Amino acid sequence: MRYQHALLPTLKEAPSDATSVSHVLLLRGGFVRRVGAGIYSFLPLGVRVLRKIETIIRRELDRAGAEEVLLPALLPAEYFQESGRWEVFGDTLLRLKDRKGADYHLGPTHEEIITDLARREIRSYRDLPKNLYQIQTKFRDEPRPRGGLLRCREFSMKDAYSFDATEEAARVTYEKMRVAYRRIFDQLGLDYRMVAADSGAMGGSGSAEFQVLVQSGEDQIAACTACEHAANLEIATTTTPAVGPEPDAVPPREQVATPGAGTIEDVSRFLEAPPERFLKSLLYVAGNDIAMAVVRGDHEVNEVKLARVLGAREVFLASANDIEKATGAAVGFAGPVGFSGRLLVDRDAAAVRDAITGANATDAHFVHVVRGRDYEGEVVDLRNVREGDACPRCGASLRLYRGIEAGHIFLLGTHYTAKMGATYLDEKGENKHLVMGCYGIGVSRLVATAIEQHHDDNGIRWPISIAPYHVHIVALGTEPSVKSVVDKLERELEARGIDVLVDDRDDRPGVKFKDADLVGVPFRVTVGAKSLERGGVELKARTEPDPKRSELIPREGAAEAIAARVRSALAAIAPG
RNA sequence: CGGGGUGUACCUCAACCUGGUAGAGGACCGGCUUUGGGUGCCGGUUGUUGUGGGUUCAAAUCCCACCACCCCGACCA
């Protein structure tokens, strides 16, 4: 592609409402333009990146035995009404009416539509298994779109749905998809982890997230430093160490005055005891009930775990008013001793044998508190895992990362097929529900995610597998000798299947170099009077930090040498 | 939905407090200059100051309402 013909509007300054790195660079690099909140146009360069990602996904899913379909984005309400999600989705569903006043919506995901297709077309065990995928535009009326392409109201997603005869067969399909996903994410050239996750409202028995490790990510992940284990912090667990002396060595419980010291930090300093000796007692509201969650002083309550234990959809920290009502003390002096409501105690908190805790009386704490003697409560896993905690699988230490969820696979079971009556006849002629799995990848989100992970101060550094072009030729000066070398190099590279962008603009070198760094094509080839005098062209990888450092490639055989470099870079991230 | 903020040229922003003909830089167009990291100079194009109403001789500026967008939180199969 010739720069002079391309729509490639780079910007020196980004609009001030762009905050995330990827958003700024996508706008500045001329990849996308904003149309509305959470709605973007893809410019030619952005489309090229999307297509590269899609190509990798299609190749691997086809290879795993899936078939591509294309379901509609505009959906009559009846399907989501049948599954109940017309209500469940709430305001996130983008609803509309046709001229007759009939209800429609734009598809946020397609379980119902594919299940309807399956119940019509799959009748016998002989038709199974089936695995269908599509790459489609999805619509969700997000309460808060943000981060440019990271969270949009309209976005591109690959979604796949598998149908099997039995749970066991479905698990085999699920495993196959897991392998396919690994191959896809490997090829995208991203640092990611496959993590165990909360299957949430989707139901079903298994799920794994594909989290791209990025400092700015919204999700937290605990990953083992030794083995493969990784889990979303929402469900991550660790093994339990016990602390403190044996129970019979603990003196009787004693109330001490701690005037004005309502935080662990205050009391810790006041009593000269480390936070690990404290029981932190937090009051939560779940529905109409109030419950106390107790964790060790240096630990944090995990609200997802708490909600699950309480059987609530979500929990909220109680207000100061509710706390005073429930404990009879000001905020900061709650404790499990004598608490009459539902009491949940984290395993590590229960293991503290000589504890300090609020006395449920303003300006007072108890010391020498022992579980079993001074309080009871249900012992459960309630806390967030911390950096350095033991891996539940191998015992090595866990590390915390931040990530962006780019893919998610679920073993759904018969959740939808039962609701929608999608059955087949087995060998004995019996009617059985199809067993389902679903598998998503956020395609447009991946464009932004790749940038969040691969950039520097000057711009994007695309992984070569998804870069809009492999080689960016910067032509300096207008001499015929430069022009002829550039023309020849472009032809020869393209003949070798290399994607080439040629900056043939009549502009100053500095402008071209800056734009090349911004756009982020992995290899830059500079052709100018100076390089030709030295006998060739200059090759520089975008990842080379020194702007002045480049490699002289002899003019003869330059195309083959550069193509070989591109091929080996591609091969380096090919799946094993 | 709760809290905070911002709407002025294509972009970044000034002028608003204290009402009096709406500006700069970048981008863009023309000329000269320069030519290996966003060159320098000269000239030029670009506005319903988010929308509607009110106050006033006079509103970008003060008042009211609405809308849009951004940030934090809630939310996120």
Side-chain angles (χ1 to χ4, degrees), chain A residues 9-20 23-24 27-28 30 33-39 80 83-85 88-93 107-114 138-148 150-153 155 157 159 161 197-204 207 209 218-219 234 303-304 313-317 404-405 407-410 412 415-416 436-440 442 445 457-459 474-479 482 503 505-518 524 526-534 537-538 540 546-550:
Chain A
T10 55
L11 265 26
K12 273 194 199 174
E13 293 169 303
S16 56
D17 56 7
T19 47
S20 71
H23 194 187
V24 168
L27 289 168
R28 287 194 52 211
R33 286 294 183 260
R34 199 187 75 97
V35 172
I39 308 172
F80 271 55
S83 72
R85 291 209 293 184
V88 172
F89 249 100
D91 290 336
T92 305
L93 207 54
T109 172
H110 283 79
E111 281 78 9
E112 286 83 349
I113 313 308
I114 200 82
K138 306 285 188 190
F139 300 86
R140 294 186 194 175
D141 195 352
E142 290 287 348
R144 190 179 152 207
R146 71 183 92 172
L150 287 172
R151 179 181 297 281
C152 286
R153 294 199 292 172
F155 58 97
M157 178 164 155
D159 47 328
Y161 307 92
D198 186 16
S199 36
M202 288 295 281
S207 93
E209 290 174 349
E218 292 183 335
D219 293 336
E234 290 181 348
E303 296 185 358
V304 173
R313 214 172 65 80
E314 53 187 343
V315 295
F316 305 95
L317 267 175
I404 297 173
E405 180 186 349
H408 204 156
I409 60 179
F410 291 91
L412 281 179
H415 184 80
Y416 290 93
M436 226 175 138
C438 74
Y439 318 86
R445 173 182 280 188
D457 291 346
N458 297 315
V474 174
L476 298 182
T478 47
E479 294 86 342
V482 170
D503 191 345
R505 293 175 299 174
D506 179 18
D507 244 316
R508 301 178 56 80
V511 172
K512 297 186 173 193
F513 289 142
K514 286 286 184 193
D515 274 344
D517 286 348
L518 178 60
R524 189 183 82 194
T526 306
V527 184
K530 284 193 187 172
S531 74
L532 293 181
E533 268 169 39
R534 291 168 58 203
V537 302
E538 289 156 33
K540 178 180 165 300
D546 184 349
K548 296 273 153 58
R549 218 160 104 190
S550 64

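Chain letters run A, B, ... following the sequence lines, proteins first, then strands; residues in each count from 1. These numbers were taken from a predicted model, which means no experiment stands behind them.
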>> Classify A:Asp91 by what it touches in the nucleic acid, base, sugar-phosphate, or nothing, heavy-atom distance under 4.0 Å.
In response: nothing
>> What is the distance, to the nearest angstrom, from the CZ atom on A:Arg153 to the C1' atom on B:C70?
In response: 14 Å
>> Using a 4.0 Å heavy-atom cut-off to protein, can you give one letter per nucleotide of nucleotides 25-34 of chain B, 5' to 3': B if the base is in contact, S if only the sugar-phosphate is, - if neither?
In response: BSS------B
> Reckon A:Leu476 touches a base, only the sugar-phosphate, or nothing at all at heavy-atom distances under 4.0 Å?
Replying inline: base
> 5'-most contact on RNA chain B: A:Gly36 or A:Leu518, nearest heavy atom basis?
Replying inline: A:Leu518
> Distance between the P atoms of B:A9 and B:G47, in whole angstroms?
Replying inline: 10 Å
>> Return a single string for nucleotides 43-50 of chain B, one symbol per nucleotide in 5' to 3' order, where B is base contact, S is sugar-phosphate-only contact and - is none, cutoff 4.0 angstrom on heavy atoms.
In response: --------
> What residues form a ring pair (Phe, Tyr, Trp, His ring centres under 6.0 Å) with A:His110, not counting sequence neighbours?
Replying inline: none
> How is A:Pro15 classified with respect to the nucleic acid when contacts are heavy atoms under 4.0 Å: base, sugar-phosphate, or nothing?
Replying inline: sugar-phosphate
>> If I pick the C1' atom on B:G40 and the same atom on B:U35, what distance separates them, to the nearest angstrom?
In response: 13 Å
> How many Å lie between CD on A:Glu303 and P on B:G73, as a whole number?
Replying inline: 13 Å
> Stems in RNA chain B: runs of 3 or more consecutive Watson-Crick or G-U pairs, distances under 3.5 Å?
Replying inline: B:1-7 with B:67-73, B:10-13 with B:23-26, B:28-32 with B:40-44, B:50-54 with B:62-66
>> Does A:Arg34 reach a base, just sugar-phosphate, or nothing at all? Heavy atoms under 4.0 Å.
In response: sugar-phosphate
> If the P atom of B:A65 is compared with that of B:G3, how far apart are they to the nearest Å?
Replying inline: 15 Å
> Rounded to whole angstrom units, what separation is found between the CD atom of A:Glu218 and the C1' atom of B:C75?
Replying inline: 11 Å
> In terms of side-chain heavy atoms of A:Glu142, which of B:C71, B:G37, B:C76 is nearest?
Replying inline: B:C76
>> Would you measure the distance from the P atom in B:C76 across to the matching atom in B:C62 and give it in whole Å?
In response: 41 Å
>> Checking A:Thr109 now: which residues fulfil side chain to side chain donor-acceptor pair (under 3.5 Å) with it, not counting sequence neighbours?
In response: A:Glu111
>> Going by salt bridge (Lys or Arg N to Asp or Glu O under 4.0 Å), name the residues that satisfy it together with A:Glu209, two or more places apart in sequence or in a different chain.
In response: none
> Does a nitrogen or oxygen in the side chain of A:Ser16 sit under 4.0 Å from OP1 or OP2 of B:C70?
Replying inline: no
